[in-house]
Asker: 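For reference, the structure I am asking about is given below.
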Amino acid sequence: MSKITMTTPLVEMDGDEMTRVLWEMIKEELLLPHIDLKTEYYDLGLEYRNATDDQVTVDAAEATKKYKVAVKCATITPNAARVDEYDLKKMWKSPNGTIRAMLDGTVFRAPILVKGIEPVVNKWKKPITLARHAYGDVYKNAEMQIPGPGTVELVYTAADGSQKKELIHQFEGPGVVQGMHNLDGSIESFARSCMNYALDLGQDLWFATKDTISKQYDHHFKDIFQEVYDKEFQEKFEKAGIEYFYTLIDDAVARVMKSEGGFIWACKNYDGDVMSDMVSSAYGSLAMMTSVLVSPQGYYEYEAAHGTVQRHYYRYKKGEETSTNPVATIFAWTGALAKRGEMDGNQALIDFAAKLEQATLQTIESGKMTGDLALITSIENPQVLNSRAFIQEIASRL
């Protein structure tokens with residue numbers, strides 16, 4: 001059987017630990033037998049990031065600008081323990097944070113729904129899509145440990161040399177301080193991405209921050225969203241029969257729990273990280289969540305919403321069998337392949353991506369699944385498969 005050809009490469013970003021192992025299995029069992037796979041490969045594993053002083057992450061983001069579609073494996077963001085474990089030169093920043101800052105845009109995350117895996121919130125009947133701002137805040141912060149008594153101020157020095165100052169705190173003893181920033185242009189892009197996505201899906205858009213406490217920082221987000229909506233989107237939303245509204249994030253959480261789903265929930269960068277994990281867990285599993293970064297310039301980066309599954313990797317290194325769920329990583333590949341096919345007018349590639357998703361979901365619905373899903377499924381007597389056996393079962397259906 002002839003393989004499906006690709007005319008333009010994908011940017012392929014390899015990752016770390018158990019997800020790196022799954023990455024290779026997915027390519028070997030599901031993709032390479034059927035596709036003449038063209039990728040521009042970047043190794044974002046922690047060892048190579050360290051060896052290149054993280055230049056490989058920058059190069060991968062630049063390649064995404066060139067080819068417009070990327071697929072990324074989960075990667076380690078090192079903490080102090082990882083610095084020791086991997087003998088790192090320094091505590092490198094999050095590769096996701098670097099890539100998102102370079103590409104701008106918004107991260108959209110949505111649960112992968114499958115029969116037999118019901119949400120723990122019994123009112124949820126439809127997917128809830130999390131729209132996460134992809135720039136700034138805590139991911140581009142500046143931090144300082146305060147050794148003892150003293151004054152910490154926020155200082156802005158204008159181009160003409162004039163200054164504005166704001167007292168942060170008069171320290172009487174040791175402490176810690178953090179500074180964050182964001183950009184009007186990025187917030188505007190975030191608002192437009194969310195509103196266009198809402199129009200594409202025909203769904204209501206909620207935006208939530210904490211402007212009652214953060215009366216300038218969070219309130220500025222709220223104001224920009226409202227300005228973009230009033231000037232560019234109000235008439236379009238009314239015509240489409242959908243709604244945009246702002247609410248406090250604590251109120252949004254309460255509303256979400258009582259809703260049926262079927263809307264887009266826009267959050268600032270860190271809020272979106274936390275809330276997408278909450279929503280994905282409540283829908284069943286962190287490994288059942290899609291994630292795509294959509295840039296206003298037309299760049300797309302697909303990835304799984306979860307981490308590198310460290311605990312399973314340590315067992316795998318000991319030669320023990322693991323039943324790690326690869327579904328979100330498979331859907332990262334299918335999302336990227338479908339988008340590549342769409343951009344290149346390659347219907348065979350689009351069809352392949354749809355069939356691979358269908359085969360994956362049908363495998364679970366037949367009662368064959370990984371251990372995390374077997375714990376929560378309503379299907380009677382599920383068959384728990386290890387990672388490779390699960391992928392091979394998908395391959396046979398495909």
Side-chain angles (χ1 to χ4, degrees), residues 8-16 19 39-78 88-109 130-143 179-194 196-197 221 224 266-273 276 290-305 307-308 332-333 335-336 339-340 343:
T8 312
L10 289 172
V11 177
E12 178 187 351
M13 306 179 197
D14 211 342
D16 286 300
T19 44
T39 71
E40 185 155 317
Y41 178 88
Y42 293 87
D43 185 355
L44 266 57
L46 188 50
E47 294 97 333
Y48 195 64
R49 279 185 275 144
N50 188 61
T52 63
D53 295 335
D54 209 29
Q55 183 61 40
V56 66
T57 307
V58 175
D59 293 344
E62 290 293 351
T64 304
K65 292 180 181 179
K66 177 180 178 181
Y67 292 108
K68 299 192 182 301
V69 183
V71 58
K72 180 182 173 294
C73 184
T75 46
I76 294 168
T77 299
L88 302 180
K89 299 173 187 175
K90 60 185 282 190
M91 197 182 298
W92 302 108
K93 294 203 172 208
S94 160
N96 286 342
T98 299
I99 293 163
R100 288 166 188 161
M102 291 180 64
L103 300 184
D104 200 4
T106 301
V107 177
F108 294 95
R109 290 180 170 175
L130 260 293
R132 174 186 173 188
H133 191 206
Y135 178 81
D137 300 347
V138 71
Y139 297 89
K140 295 285 283 184
N141 69 358
E143 301 175 319
M180 302 191 310
H181 79 278
N182 223 293
L183 306 172
D184 282 13
S186 183
I187 301 168
E188 289 167 7
S189 292
F190 175 38
R192 289 190 185 97
S193 294
C194 292
N196 279 320
Y197 206 74
F221 275 78
I224 288 176
C267 295
K268 288 165 54 198
N269 206 342
Y270 180 71
D271 295 343
D273 192 9
S276 66
T290 63
S291 181
V292 56
L293 173 71
V294 182
S295 163
Q297 290 78 24
Y299 314 137
Y300 295 81
E301 184 229 352
Y302 294 82
E303 62 178 340
T308 60
W333 273 104
K339 181 55 68 174
R340 180 80 280 157
M343 286 187 173

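What you are looking at is a predicted structure, and each value in this text was computed from that prediction instead of being measured.
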Asker: Look at atom NZ of K140 and say whether more than 12 heavy atoms of other residues, nucleotides or ligands are closer to it than 6.0 Å.
Answerer: no

Asker: Find out whether T8 and M343 are in side-chain contact, i.e. whether some heavy atom of one side chain is under 4.5 Å from a heavy atom of the other.
Answerer: no

Asker: Looking only at heavy atoms, which two atoms of P95 and T75 are closest? And how far apart?
Answerer: CG-OG1, 3.1 Å

Asker: Is there a donor-acceptor pair closer than 3.5 Å between any side-chain N or O of R109 and the backbone N or O of G272?
Answerer: no

Asker: Decide yes or no for T106 and V294: does some side-chain heavy atom of the first lie under 4.5 Å from some side-chain heavy atom of the second?
Answerer: no

Asker: Say you draw a straight line from CG of D43 to CE of M13; how long is it, rounded to the nearest 0.5 Å?
Answerer: 12.5 Å

Asker: How long is the span from the CG atom in L10 to the NZ atom in K339, to the nearest 0.5 Å?
Answerer: 12.5 Å

Asker: May I ask you to test the C73-D16 pair for a side-chain heavy-atom distance under 4.5 Å?
Answerer: no

Asker: How far does CD1 of I76 sit from OG of S94, to the nearest 0.5 angstrom?
Answerer: 12.0 Å

Asker: Hey, is K89 close enough to D53 for a salt bridge, meaning N to O under 4.0 Å?
Answerer: yes

Asker: For D14 and Y41, indicate whether the former's side chain and the latter's backbone hold a donor-acceptor pair under 3.5 Å.
Answerer: no

Asker: Taking the side chain as every heavy atom from C-beta outward, state whether T77 and N96 have any pair of such atoms under 4.5 Å apart.
Answerer: no

Asker: Identify the heavy atoms of L103 and A61 that sit nearest to each other, and give their distance.
Answerer: CD2-O, 3.7 Å

Asker: Okay, side chain of N141, backbone of E143: is any donor-acceptor separation there less than 3.5 Å?
Answerer: no

Asker: At their closest point, which heavy atom of T19 faces which heavy atom of G307, and how far apart are they?
Answerer: CG2-O, 3.4 Å

Asker: Is the shortest heavy-atom distance from the side chain of W333 to the side chain of E12 under 4.5 Å?
Answerer: yes

Asker: Between E62 and V11, is there a side-chain heavy-atom distance shorter than 4.5 Å?
Answerer: no

Asker: Look up atom CZ in R132 and atom CG in N269, then write down how far apart they are to the nearest 0.5 Å.
Answerer: 4.5 Å

Asker: Taking the six-membered ring for Trp, are H181 and Y135 closer than 6.0 Å centroid to centroid?
Answerer: yes

Asker: Measuring from F190:CZ to L183:CG, what's the distance to the nearest 0.5 Å?
Answerer: 14.0 Å

Asker: Just how far is it from atom OG of S295 to atom CZ of R100, taken to the nearest 0.5 Å?
Answerer: 13.5 Å

Asker: Using the ring pair (Phe, Tyr, Trp, His ring centres under 6.0 Å) definition, which of the options Y300, Y197, Y302 pairs with F108?
Answerer: Y197

Asker: If I compare all heavy atoms of A70 with all of A336, which pair ends up nearest, and what's the gap?
Answerer: O-CB, 4.0 Å

Asker: Please tell me if the side chains of Y270 and V138 come closer than 4.5 Å, counting only heavy atoms from C-beta onward.
Answerer: yes

Asker: Heavy atoms only: give me the nearest A60-L44 pair and the separation to one decimal.
Answerer: CB-CD1, 4.1 Å

Asker: Between K72 and E301, what is the shortest heavy-atom contact and its length?
Answerer: CD-OE2, 3.0 Å

Asker: Quick one: is the NZ or CZ of K268 closer than 6.0 Å to the six-membered ring centre of F221, and within 45° of its axis?
Answerer: yes

Asker: Does the side chain of T64 come within less than 4.5 Å of I99's, by heavy atoms?
Answerer: no

